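As structure tokens, the structure follows; a few thoughts come after it.
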Amino acid sequence: MCEHFIARASEPFRLDELWPFTEKLERFGLAGFGWGAAWLEGEDRLASYRDIRAFRDDPGRESVGATETTAVLVHLRRPSRLSTLTLPDTQPFDDPAGRFAFSHNGDLRDYKALRATYRAAGRIHGRADTEVGERWLEDEWRPDVSPCLQLAALHDRFGGQANLAVLTADGTPHHYAGNDENPVFSFRLGQVGVVSTGIYSLDRSLFRFVAPTATDRKLVRLRSTVTLDRDGRPSVVN
């Protein structure tokens, strides 16, 4: 029952402008077992932070919140297996080559065979399925292929319930909707465009409990990917 969201705006904003939303997303989304964020730090450069404490309990969120950026990916954990509560399993994951940050909400069904392969190669450090998806994406990533298509290909490869998000090094965030148990919505919070999972409620309760002031609210259709442009405006690839 993880939750995650991407956000982007035309002008730099402090991350803690999104902390009230983040805290409510954790609370009503039944997360609270670790969190992390990746953001655009400079030209073609990403930075990140992760902690195994709940977002609400981690004092590190204060220093992270003072960061100014134009794009961010935030992940709030509630793993299906509590034995995976380790820092190596805490998302979002950083691509070792610095090309993207990646997170996942749901479960990847067909991951075990590749996990054994990556583990034998010394590339597995945690216990969760998402790390296998990360390693696959590292190997399959192509600069001439849209991240939207690559996220859809990841879901095709592994199956299961999969909301997926990436923030690329040029500052463009993408969110794929592939978990029919947790709808995805796009909307705006002031100047900031957001695409977020929906607190595992098959309705629009996200806007009642988490983001009541949101505007431009739209449901993202299953098997679609939303990309936020430089102004935080969504475009959809089916």
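Note that these values count all heavy atoms, side chains included, but never hydrogens, waters or copies made by symmetry. All values reported here derive from a predicted model rather than from experimental measurement.
Among residues two or more places apart in sequence or in another chain, the ring-ring contact (aromatic ring centres under 6.0 Å, His included) test is passed with F21 by F5, F187. With sequence neighbours excluded, the residues satisfying salt bridge (charged side-chain N to carboxylate O under 4.0 Å, His left out) with R14 are D16. By the ring-ring contact (aromatic ring centres under 6.0 Å, His included) test, W141 pairs with F100, sequence neighbours left out. Partners of R233 by side-chain contact (heavy atoms from CB on, under 4.5 Å), not counting sequence neighbours, listed by chain and number: R188, D216, D229, D231. Remark: F55 pairs with W19, W35 by the ring-ring contact (aromatic ring centres under 6.0 Å, His included) rule, at least two apart or across chains. Taking the side-chain contact (heavy atoms from CB on, under 4.5 Å) definition, one finds that A38 meets it with S48, P92, A101, sequence neighbours left out. With sequence neighbours left out, the side-chain contact (heavy atoms from CB on, under 4.5 Å) criterion links T227 to C148, T172, H174, S235. For H104, there are no ring-ring contact (aromatic ring centres under 6.0 Å, His included) partners two or more places apart in sequence or in a different chain. By the side-chain contact (heavy atoms from CB on, under 4.5 Å) test, L82 pairs with F33, R78, P79, L85, sequence neighbours left out. Taking the salt bridge (charged side-chain N to carboxylate O under 4.0 Å, His left out) definition, one finds that E17 meets it with nothing, sequence neighbours left out. Contacts of S205 classified as side-chain hydrogen bond (donor to acceptor under 3.5 Å, both in side chains), with partners at least two apart in sequence or in another chain: D203. Scanning for salt bridge (charged side-chain N to carboxylate O under 4.0 Å, His left out) contacts around D107 gives an empty result, with sequence neighbours left out.
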